Amino acid sequence: MPVLFLYFIYQIRDCIPFKLPFIDEDTTKMSTEAGINSKIEDGASVKEPLPTSRRIPAALAFVFALTVMFMVSPVLFSAEVDMSEELGVTSIKDRPVIRGSNSSSHVSASPEATSDVAAGKDSKMKNYQQEEESFSALADIDIKQLLQKANLAKDQMEEQLKREYGDDYADMIFHKHHEIINISNVSEERLKRKMQLKLLGIGGNEFSWMTAGHSAAAAHGNLYHQSYTQSIEDVARDIFASVGLEFKATNFAMGGMRSGPELCFCMEAVYGSDIDVLSWDFGMTDGRDSWKLSCWGSRASALPSRPILALIDGSAGRFSQLQPFELEGGMGTFQMDFARLSQLVTDAPVKSEEELTLAVKYLVCDKKIESTGPCNDFKFNTTEACGPGRLRGQTSWHPGWKVHMLVGRVVGYFLANTLISAVNNLNARHYTNLDSWEIISKTLYDEDISDSLKRANITLPNLKMKVDGMDSETFASLFLSRRNMCRISLRPARSRFEGILTGTGNVGNFRYGFDTGLKERDAKGAEPLEPNKPVPMVYEPTDGSACANATQIDFSDFFLVRGQDGPLSFVFPNSLELAYHGGEPIEEGFIMMCMVLCPWGKCPATDIFLDAIIPVDGNHTAGLEISVNGRSVVGTKTLDQRCHFLENEHGLQWDANENGQYDMKINVRKDGMHFRFTTFTVVHAKP
């Protein structure tokens, strides 16, 4: 099309009231730089230029011609728009724009990176959008000034830690954080690159940490603000703010939960897709089910932001499971080695109580942390919100506030020092190497895109597990390389707090504003629901006290179908869920459902489970009937005790309806019985 356009300009050159720079003086040929290689035949006459009296009408004609060409260009250049869709970008304007202090040119990913992303259609490319103002503001600030501010904030952090822990403990623990945080040079560079991209205005100015884990990570037995998540934010916030970044740490841990399969398959619905660091703290609940950590790493690598994976665990074996995602998949990983931290603390010289600060007093007794004598007696401190007395969750396996604070301070200290190193690197590249901000930004961005494309190289992990009717390699390929969509009732979850699950878009927080569903007592005692009514979502309310609000953050909400109800409808996805998961329906998929997690595995006698499924064929001897888009569920393939793949008469694959949805009908055939489930996930049937 550019060739035709230039040829058109050439044909009307005599009507143009000014000289075109790419046409030679004698007008007998056009420069090859304009994309035209052909010459005018020798001997062609050269016309005289237009007289002045005819130049104004000619100019109007020229402007009209340009206008027509511009109006039709979107259609003629539709192939470029299509390519942007292949890149996971909704429009041309969504492509990253890098602005420099001395240039207004647009810089996007290199042609090599762009072609690679287009070839790897299954990978979700990060859709960074640069805000011109933020980059221009950075360009006007001397990076050395940012470094000075960061170092000043670090000095203040060091003083804070000395006040909290005393000089000896502070030096012994925090100045040896490199012994506690295990991270390779490759992963450290990837973490710094994430920070540098944010400093350059690419991807916004918020740097986010997301805590995922079981009850200990959720700080059960403690106040919410005593969690190590909050401690991380408390110590790192000011240093990030000193260079113009907002550091935000969020705790979405859930008591009793394992990292898979429910949470790893529903990672985007629970934690979101724009995370910089995602932690894993499921050691107590996952136990020896190592495949669940592999599932976790695999699904995290599919998130658009490809977060750094932080293992809050002292096991070297578990950390080694994440190596394929670093070495082959372009991810960054690190480990907060609690075993090493415990060793440093317990090996510290014994001091009198008067010499110890509150953060370490009664932390170690008889070379043990928070387990004997006064260390156990003073393990928790919830009196400010809950008064005296022991609370639910204050157990031997849940750490107290001093351990939470220490873990958070160590991780926050590590992140703060990494940020300063990242700013130092930018300073060296700009002032020592004399690289422009455009070159630095483009290089970092291209490196990031290049790493994201390595996901296809990850070797399928040896899961060492069996799925009913499915070999380990097949199952590994399902969760590693195929996109999925999930609806999950559990809290905390981003899809719950943003009204995505319910389709209303009502945005709230941990306590207020979001769609809660029905109280459990009201839902179970309600009048029978008519056939095809939506399956209700149910929650168990707290007592509303200040103590409950200060300590409880995670809840096992669920979907409920009762025996007295007619067959109820469960349609997935709604329009917001579809948009949240990328906007493209899954036309053919595998369906996984997970039932309620009962405390200590003891479910009420009124519960009915997926193993009660029978075909809808008139034989109503069993208790539960389920169909999807009119096809009966005839059985299940067990993934674990709570989660199962649904099976039809032809196997595990299901087709969406004409709307790209899965319309499930659920009927409990026994009065007084309840079917409670938490998760409905569709995994793409095709790679």
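Since this is a predicted model, take the numbers as computed values, not measurements. Position 1 is the first residue of the sequence; numbering continues from there.
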Separation between [atom1] of [X] and [atom2] of [Y], rounded to the nearest 0.5 Å:
{"X": "K442", "Y": "I202", "atom1": "NZ", "atom2": "CD1", "answer": "11.5 Å"}
{"X": "S259", "Y": "D289", "atom1": "OG", "atom2": "CG", "answer": "8.5 Å"}
{"X": "Q552", "Y": "L391", "atom1": "CD", "atom2": "CG", "answer": "10.0 Å"}
{"X": "I440", "Y": "L197", "atom1": "CD1", "atom2": "CG", "answer": "11.5 Å"}
{"X": "L278", "Y": "M331", "atom1": "CG", "atom2": "CE", "answer": "8.5 Å"}
{"X": "S242", "Y": "N151", "atom1": "OG", "atom2": "CG", "answer": "8.5 Å"}

Student check: side-chain heavy atoms of [X] and [Y] closer than 4.5 Å:
{"X": "T285", "Y": "M257", "result": "no"}
{"X": "R190", "Y": "E326", "result": "yes"}
{"X": "M254", "Y": "L263", "result": "yes"}
{"X": "V235", "Y": "V411", "result": "no"}
{"X": "M195", "Y": "L191", "result": "yes"}
{"X": "S421", "Y": "K192", "result": "yes"}
{"X": "M157", "Y": "Y413", "result": "yes"}
{"X": "Q226", "Y": "F380", "result": "no"}

Report task. Could you please spell out the steps behind the side chain to side chain contact (heavy atoms under 4.5 Å, CB included) verdict for L444 and L200? Result -> CA-CA 10 Å; L444 291 171; L200 295 172; 3.8 Å; yes
Query raised in the report: Got a sec: does the CG of L358 have more than 12 other heavy atoms crowding it under 6.0 Å?
Result: no
Report task. Return yes when atom CG of N185 has more than 12 non-hydrogen atoms of other residues, nucleotides or ligands closer than 6.0 Å, and no otherwise. Result ->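 No, not enclosed.
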[X] to [Y] - nearest heavy-atom pair and separation:
{"X": "S305", "Y": "I275", "answer": "OG-O, 2.8 Å"}
{"X": "D337", "Y": "G314", "answer": "OD1-CA, 3.3 Å"}
{"X": "L223", "Y": "C386", "answer": "CD2-SG, 4.5 Å"}
{"X": "M284", "Y": "S215", "answer": "CE-OG, 4.0 Å"}
{"X": "S279", "Y": "A212", "answer": "OG-N, 3.1 Å"}
{"X": "A253", "Y": "P492", "answer": "O-CD, 3.9 Å"}

Kindly say whether the aromatic ring centers of [X] and [Y] come within a distance under 6.0 Å.
{"X": "F334", "Y": "F319", "value": "no"}
{"X": "F174", "Y": "Y169", "value": "no"}
{"X": "W296", "Y": "F282", "value": "yes"}

Requested in this report: Walk me through it: do N222 and H404 pass the test side chain to side chain contact (heavy atoms under 4.5 Å, CB included)?
Outcome: CA-CA 9 Å; N222 299 274; H404 273 282; 3.7 Å; yes
Just by distance, do the side chain of [X] and the backbone of [Y] share a donor-acceptor pair under 3.5 Å?
{"X": "S187", "Y": "S184", "result": "no"}
{"X": "S342", "Y": "F338", "result": "yes"}
{"X": "Q335", "Y": "S315", "result": "yes"}
{"X": "H177", "Y": "V410", "result": "no"}
{"X": "S231", "Y": "M405", "result": "yes"}
{"X": "S301", "Y": "R455", "result": "no"}
{"X": "R237", "Y": "E246", "result": "no"}
{"X": "E498", "Y": "V507", "result": "no"}

Query raised in the report: Under 30°, 30 to 60°, or over 60°: which ring-plane class applies to F510 and Y224, parallel, tilted or perpendicular?
Result: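 Rings of F510 and Y224: tilted, 30 to 60°.
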Query raised in the report: Is there a side-chain hydrogen bond (donor to acceptor under 3.5 Å, both in side chains) between K368 and T346 once you walk through the steps?
Result: CA-CA 7 Å; K368 296 179 181 178; T346 55; over 6 Å; no
Can you tell me if [X] and [Y] form a side-chain donor-acceptor pair at under 3.5 Å?
{"X": "K402", "Y": "N381", "answer": "no"}
{"X": "S436", "Y": "E438", "answer": "yes"}
{"X": "N251", "Y": "Y228", "answer": "no"}

Report task. Identify the residue among K198, R193, R306, K248 that makes a salt bridge (charged side-chain N to carboxylate O under 4.0 Å, His left out) with D276. Result -> K198
Query raised in the report: Looking at F514, is R496 sitting on its ring face, NZ or CZ under 6.0 Å from the six-membered ring centre and within 45 degrees of the normal?
Result: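 Cation-pi check for R496 and F514: fails.
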Query raised in the report: Can a cation-pi geometry be assigned to K379 and Y362, taking NZ or CZ under 6.0 Å from the six-membered ring centre and within 45° of the ring axis?
Result: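 The answer is no; the distance or angle limit is not met.
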Report task. Begin with the C-alpha distance, continue with both residues' side-chain angles, and end with the deciding distance and a verdict on side chain to side chain contact (heavy atoms under 4.5 Å, CB included) for N424 and L426. Result -> CA-CA 5 Å; N424 258 318; L426 284 180; over 6 Å; no
Report task. Would you list the pairs meeting salt bridge (charged side-chain N to carboxylate O under 4.0 Å, His left out) in which at least one residue belongs to residues 170-188, sequence neighbours left out? Result ->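 Listed by first then second residue: E179-R340.
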Query raised in the report: Can you list the residues that meet the side chain to side chain contact (heavy atoms under 4.5 Å, CB included) rule with A269, with sequence neighbours excluded?
Result: C486, I488, S495, H581
Lys/Arg N to Asp/Glu carboxylate O, [X] vs [Y], below 4.0 Å:
{"X": "D286", "Y": "R258", "answer": "no"}
{"X": "E164", "Y": "R409", "answer": "yes"}
{"X": "D554", "Y": "R491", "answer": "no"}

**Report entry** Listed partners of E370 passing salt bridge (Lys or Arg N to Asp or Glu O under 4.0 Å), at least two apart
**Finding:** none
**Report entry** Criterion side-chain hydrogen bond (donor to acceptor under 3.5 Å, both in side chains) on E158 and H175, from CA distance to verdict
**Finding:** CA-CA 10 Å; E158 298 273 7; H175 292 170; 3.3 Å; yes
**Report entry** Intermediate values then yes/no, side chain to side chain contact (heavy atoms under 4.5 Å, CB included), N425 and E189
**Finding:** CA-CA 10 Å; N425 288 357; E189 288 304 312; 4.2 Å; yes
